[in-house]
Amino acid sequence: MKTALDIDASLLDEGERNFVEKIREHGWIETHIAQDAAGPGFSYTTGFWLKFELPELMLFSLPQEISHDIFWNFFHDLNEGKRFATNEPVSDILTGFDVILKPVLVENFAEHFGWSRWFYGGDSFQVLQIFFPDKQGRFPWEDEVREGFGKLQPDLSEPSG
């Protein structure tokens with residue numbers, strides 16, 4: 001698979017070189033987009049698809065330090081051969097809470113995954129969105145979830161039902 005790792009470093013600007021070097025050094029990098037008037041902040045990985053041939057990860061509305069720790073935990077688990085189910089609760093990611101991983105529709109890539117699209121040279125990769133529950137264990141799409149909780153985690157996956 002050709003990626004930005006294959007580009008002559010002299011052709012890259014400083015930001016691009018830094019991005020590529022982080023992936024060379026660590027196997028992946030996190031991109032964090034701050035909250036703005038258009039919506040909540042989010043973070044995503046680049047490098048999981050290349051290293052593991054498994055989807056990149058993304059999540060909304062958590063501080064960058066927390067999302068980075070979650071991604072590192074995933075990276076270490078994947079590196080040890082662990083795999084995670086999609087579209088059903090997974091219990092060993094966040095202490096005390098399940099998460100659900102859902103495939104992100106490629107139609108959402110241009111708006112949300114600019115660095116990954118640059119790195120992979122297009123949309124030939126996959127992404128899983130990590131959904132976390134409220135304090136009562138309810139996910140954004142469930143009945144009785146607190147008002148406004150769903151807006152914190154816009155669902156970029158295939159609509160169900």
Side-chain angles (χ1 to χ4, degrees), residues 3-5 7 12-23 26-52 54-75 78 84 86-90 93-95 97-161:
T3 67
L5 294 174
I7 300 172
L12 303 176
D13 66 30
E14 183 178 347
E16 293 166 340
R17 279 193 304 276
N18 180 56
F19 191 89
V20 167
E21 287 310 310
K22 294 289 184 190
I23 292 175
H26 301 291
W28 71 285
I29 189 170
E30 173 190 17
T31 301
H32 181 76
I33 308 300
Q35 176 181 333
D36 62 16
F42 62 96
S43 296
Y44 64 92
T45 64
T46 305
F48 285 35
W49 184 250
L50 177 65
K51 180 159 181 67
F52 303 114
L54 293 170
E56 300 297 343
L57 300 171
M58 71 96 57
L59 50 77
F60 280 96
S61 297
L62 291 178
Q64 184 174 9
E65 297 77 25
I66 293 172
S67 63
H68 189 80
D69 288 347
I70 290 169
F71 294 152
W72 259 123
N73 289 337
F74 265 101
F75 183 86
L78 293 171
F84 300 94
T86 58
N87 297 310
E88 62 184 62
V90 177
I93 306 291
L94 294 179
T95 304
F97 292 99
D98 289 345
V99 299
I100 294 179
L101 307 169
K102 294 173 121 187
V104 173
L105 290 169
V106 73
E107 291 82 15
N108 293 304
F109 283 21
E111 185 176 350
H112 293 91
F113 307 109
W115 276 106
S116 289
R117 294 178 79 228
W118 171 79
F119 181 78
Y120 292 116
D123 295 334
S124 297
F125 61 99
Q126 296 174 9
V127 181
L128 291 174
Q129 183 175 351
I130 304 168
F131 289 91
F132 54 90
D134 66 11
K135 292 179 182 178
Q136 288 70 42
R138 293 178 297 238
F139 288 93
W141 54 85
E142 293 182 324
D143 293 337
E144 300 183 20
V145 71
R146 74 175 168 86
E147 189 174 335
F149 188 69
K151 291 181 181 177
L152 297 175
Q153 298 182 81
D155 190 341
L156 305 182
S157 70
E158 181 73 46
S160 58

Asks: Just by distance, no angles: are the side chains of Glu30 and Ser43 close enough, under 3.5 Å, to form a donor-acceptor pair?
Replies: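 Yes, side-chain donor-acceptor contact under 3.5 Å.
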Asks: Mind checking the CG-CZ spacing from Asp134 to Phe139? Nearest 0.5 Å is all I need.
Replies: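 That separation rounds to 9.0 Å.
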Asks: With a 4.5 Å cut-off on side-chain heavy atoms, are Phe48 and Leu78 touching?
Replies: yes
Asks: Mind checking whether Gln129 and Phe60 have side chains closer than 4.5 Å, heavy atoms only?
Replies: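 The answer is yes, as the side chains (C-beta and beyond) meet within the 4.5 Å cut-off.
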Asks: Report the distance from atom CD of Glu21 to atom NE2 of His26, rounding to the nearest 0.5 Å.
Replies: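 Between atom CD of Glu21 and atom NE2 of His26 there are 10.5 Å.
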Asks: Using only atom types and a distance under 3.5 Å, with no angle test, would you say the side chain of Tyr120 pairs donor to acceptor with the backbone of Thr46?
Replies: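 It does not hold such a pair.
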Asks: Mind checking the OG1-CZ spacing from Thr95 to Phe97? Nearest 0.5 Å is all I need.
Replies: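 It is 10.0 Å, given to the nearest 0.5 Å.
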Asks: Hey, is CD on Glu14 packed in by over 12 heavy atoms from elsewhere, all under 6.0 Å?
Replies: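 No, because the 6.0 Å sphere around CD of Glu14 holds 12 heavy atoms or fewer from other groups.
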Asks: Thr3 versus Phe119: any side-chain heavy-atom pair under 4.5 Å?
Replies: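 Yes, side chains in contact.
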Asks: Could you check whether His112 and Phe42 have their ring centres less than 6.0 Å apart?
Replies: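 Distance test on ring centres: under 6.0 Å, yes.
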Asks: Take the angle between the ring planes of Phe109 and Phe125 and call it parallel below 30°, perpendicular above 60°, tilted in between.
Replies: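 Taking Phe125 first and then Phe109, their aromatic rings lie parallel (interplane angle under 30°).
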Asks: Can a donor-acceptor pair be found, under 3.5 Å and without considering hydrogens, that links the side chain of Gln126 to the backbone of Leu54?
Replies: no
Asks: Between OH of Tyr44 and CZ of Phe113, what distance do you get to the nearest 0.5 Å?
Replies: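 Those atoms lie 7.5 Å apart.
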Asks: Report yes if the side chains of Phe19 and Thr31 come closer than 4.5 Å at any heavy-atom pair, otherwise no.
Replies: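 A side-chain contact under 4.5 Å exists here.
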Asks: Decide side chain to side chain contact (heavy atoms under 4.5 Å, CB included) for Trp28 and Lys51; before the verdict, give the C-alpha distance in whole Å, the side-chain angles of both, and the deciding distance to 0.1 Å.
Replies: CA-CA 8 Å; Trp28 71 285; Lys51 180 159 181 67; over 6 Å; no
Asks: Under 4.5 Å between any side-chain heavy atoms of Phe84 and Ile93, yes or no?
Replies: yes
Asks: So which heavy atom on Pro140 is nearest to which on Phe131, and how close?
Replies: CG-CD2, 4.3 Å
Asks: Parallel, tilted or perpendicular: which fits the ring planes of Trp72 and His68, with parallel below 30° and perpendicular above 60°?
Replies: perpendicular
Asks: Rounded to the nearest 0.5 Å, how far apart are CG of Leu101 and CE of Met58?
Replies: 12.5 Å
Asks: Between Ile100 and Trp141, is any pair of side-chain heavy atoms under 4.5 Å apart?
Replies: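 Heavy-atom side-chain distance check passes, below 4.5 Å.
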Asks: Flag the pair Phe71 / Ile130 as yes when at least one side-chain heavy-atom distance between them is below 4.5 Å, and no otherwise.
Replies: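 Yes - at least one pair of side-chain heavy atoms lies under 4.5 Å apart.
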Asks: Taking C-beta and beyond as the side chain, do Trp118 and Glu16 meet within less than 4.5 Å on heavy atoms?
Replies: yes
Asks: Would Lys22 pass as a cation-pi partner of Trp115, given that its NZ or CZ must be under 6.0 Å from the six-membered ring centre and within 45 degrees of the axis?
Replies: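 Relative to the ring axis of Trp115, which defines the angle, Lys22 lies outside at least one limit.
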Asks: Return the minimal non-hydrogen interatomic distance between Glu142 and Arg138, and the atom names on each side.
Replies: OE1-CA, 3.0 Å
Asks: Please determine which of Ile70, Val104, Thr45 meets the side-chain contact (heavy atoms from CB on, under 4.5 Å) test together with Leu57.
Replies: Thr45
Asks: Verify, without hydrogens or angle tests, whether Asn108 (side chain) and Leu156 (backbone) share a donor-acceptor contact under 3.5 angstrom.
Replies: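 A pair under 3.5 Å: yes.
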Asks: CD/Glu65 to NE2/His32 distance, rounded to the nearest 0.5 angstrom?
Replies: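 Glu65 atom CD to His32 atom NE2 measures 8.0 Å (nearest 0.5 Å).
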